Amino acid sequence: MQIGEISQRSGITVRMLRFYEAEGLLRPHRTDSGYRDYSEADVEEAKRIKQLADAGLTVEAMHDLLPCIISPKPTFHPCDRLRARLEGEVAKLDKRLADMERSRSQIAGYLADLPVEVPAVMSQE
DNA sequence: ATTCTAACA
DNA sequence: TGTTAGTA
């Protein structure tokens with residue numbers, strides 16, 4: 001099938017399907033004319049990729065996790081290092097959350113100290 | 001009509 | 001990630 005069909009069936013944009021391929025996540029065959037030719041197996045793989053992408057995982061993480069997924073749920077198979085990798089992802093998110101909280105309080109502080117604006121019609125009178 | 005690669009007011 | 005260009 002062509003890229004347009006797997007796109008609608010997987011929910012991944014054509015743009016991203018090409019990007020993931022460039023990243024080595026999906027390897028569809030090519031027709032004589034150079035068009036990507038996807039198989040049913042590719043559709044299942046694409047659905048798994050979609051799940052991981054929606055979880056906010058990076059392409060690098062997907063490379064590690066995809067081989068450990070059995071169903072498109074995804075259900076993870078106890079591969080070696082799988083637990084460590086998932087824990088690593090959670091650690092990264094915890095780091096980002098901490099950074100964002102610092103940023104939030106900083107900006108909230110600017111907002112709290114902001115002088116009250118006087119309406120133009122009043123300041124001119 | 002669709003897809004392909006490359007590139008960015 | 002979108003979008004556009006010029007093809008196949």
Side-chain angles (χ1 to χ4, degrees):
Chain A
M1 74 187 80
Q2 297 189 312
I3 196 170
E5 186 181 332
I6 188 176
S7 173
Q8 59 150 159
R9 285 222 261 157
S10 66
I12 298 176
T13 62
V14 170
R15 177 81 164 75
M16 289 310 289
L17 280 168
R18 294 188 182 125
F19 173 70
Y20 289 145
E21 181 181 341
E23 294 300 303
L25 251 35
L26 221 45
R27 342 280 318 219
H29 288 172
R30 294 286 183 138
T31 64
D32 43 302
S33 57
Y35 281 23
R36 269 163 273 251
D37 183 31
Y38 298 89
S39 65
E40 287 304 316
D42 289 329
V43 175
E44 296 310 301
E45 180 76 332
K47 288 178 179 176
R48 289 192 283 271
I49 290 174
K50 171 64 172 166
Q51 296 303 309
L52 300 185
D54 287 346
L57 293 169
T58 62
V59 169
E60 188 203 305
M62 292 187 212
H63 266 295
D64 292 337
L65 270 27
L66 282 172
C68 304
I69 300 177
I70 302 302
S71 69
K73 297 204 58 174
T75 294
F76 291 101
H77 182 277
C79 294
D80 284 354
R81 300 292 298 158
L82 174 60
R83 174 175 295 282
R85 290 191 160 102
L86 288 176
E87 289 175 336
E89 290 303 319
V90 172
K92 287 182 189 175
L93 289 171
D94 286 340
K95 205 279 184 179
R96 286 171 54 193
L97 281 172
D99 289 342
M100 289 180 77
E101 280 174 357
R102 273 192 289 280
S103 180
R104 203 216 97 96
S105 63
Q106 187 80 194
I107 295 173
Y110 297 153
L111 186 59
D113 297 339
L114 196 63
V116 179
E117 282 191 53
V118 178
V121 289
M122 291 185 72
S123 59
Q124 296 180 339
E125 297 173 342

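We name chains A, B, ... by the order of the sequence lines, and we start the count at 1 in each one. Note that the structure is predicted; figures quoted are calculated from it, not measured.
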Write down the distance between OH (A/Tyr38) and C1' (B/dT3), rounded to a whole number of angstrom. 10 Å
Tell me the interatomic distance from A/Tyr35, atom OH, to C/dT7, atom P, rounded to whole angstroms. 14 Å
Secondary-structure notation, DNA chain C, from Watson-Crick and G-U pairs under 3.5 angstrom (| other strand): .|||||.|
Take the protein atom CD1 of A/Ile6 and the nucleotide atom P of B/dT2, then report the distance between them rounded to whole Å. 17 Å
So, does A/Arg36 get its side chain near the phosphate of B/dT3, meaning an N or O under 4.0 Å from OP1 or OP2? no
Within-4.5 Å side-chain heavy-atom neighbours: A/Glu60 and A/Glu23: no
Please give, in whole Å, the distance from B/dT5 P to A/Arg15 CZ? 12 Å
For A/Arg30 and C/dA8, is the shortest distance between a side-chain N/O and OP1 or OP2 below 4.0 Å? no
For A/Phe19 and C/dT3, give me the distance from atom CZ to atom P, rounded to whole Å. 18 Å
Check the pair A/Val14 / A/Arg18 against side chain to side chain contact (heavy atoms under 4.5 Å, CB included), numbers first and verdict last. CA-CA 6 Å; A/Val14 170; A/Arg18 294 188 182 125; 3.4 Å; yes
Crowded around A/Arg30 CZ? As in, over 12 foreign heavy atoms under 6.0 Å? yes
Nucleotide B/dT2, atom P - distance to CD of A/Gln8 in whole Å: 11 Å
Does A/Glu87 CD have over 12 foreign heavy atoms under 6.0 Å away? yes
When you look at A/Arg36 and A/Leu26, which way does the side chain to side chain contact (heavy atoms under 4.5 Å, CB included) test go after all the steps? CA-CA 11 Å; A/Arg36 269 163 273 251; A/Leu26 221 45; over 6 Å; no
How close or far is atom C1' of B/dT5 from atom CG of A/Leu17, stated in whole angstroms? 16 Å
Would you call A/Asp99-A/Arg102 a salt bridge at under 4.0 Å N-O? yes
Does A/Arg18 put a side-chain nitrogen or oxygen below 4.0 Å from OP1 or OP2 of B/dT2? no
Is there a side-chain contact between A/Arg9 and A/Glu40 (heavy atoms, below 4.5 Å)? yes
Measure the distance from CE on A/Met1 to P on B/dT3 and round it to the nearest whole Å. 12 Å
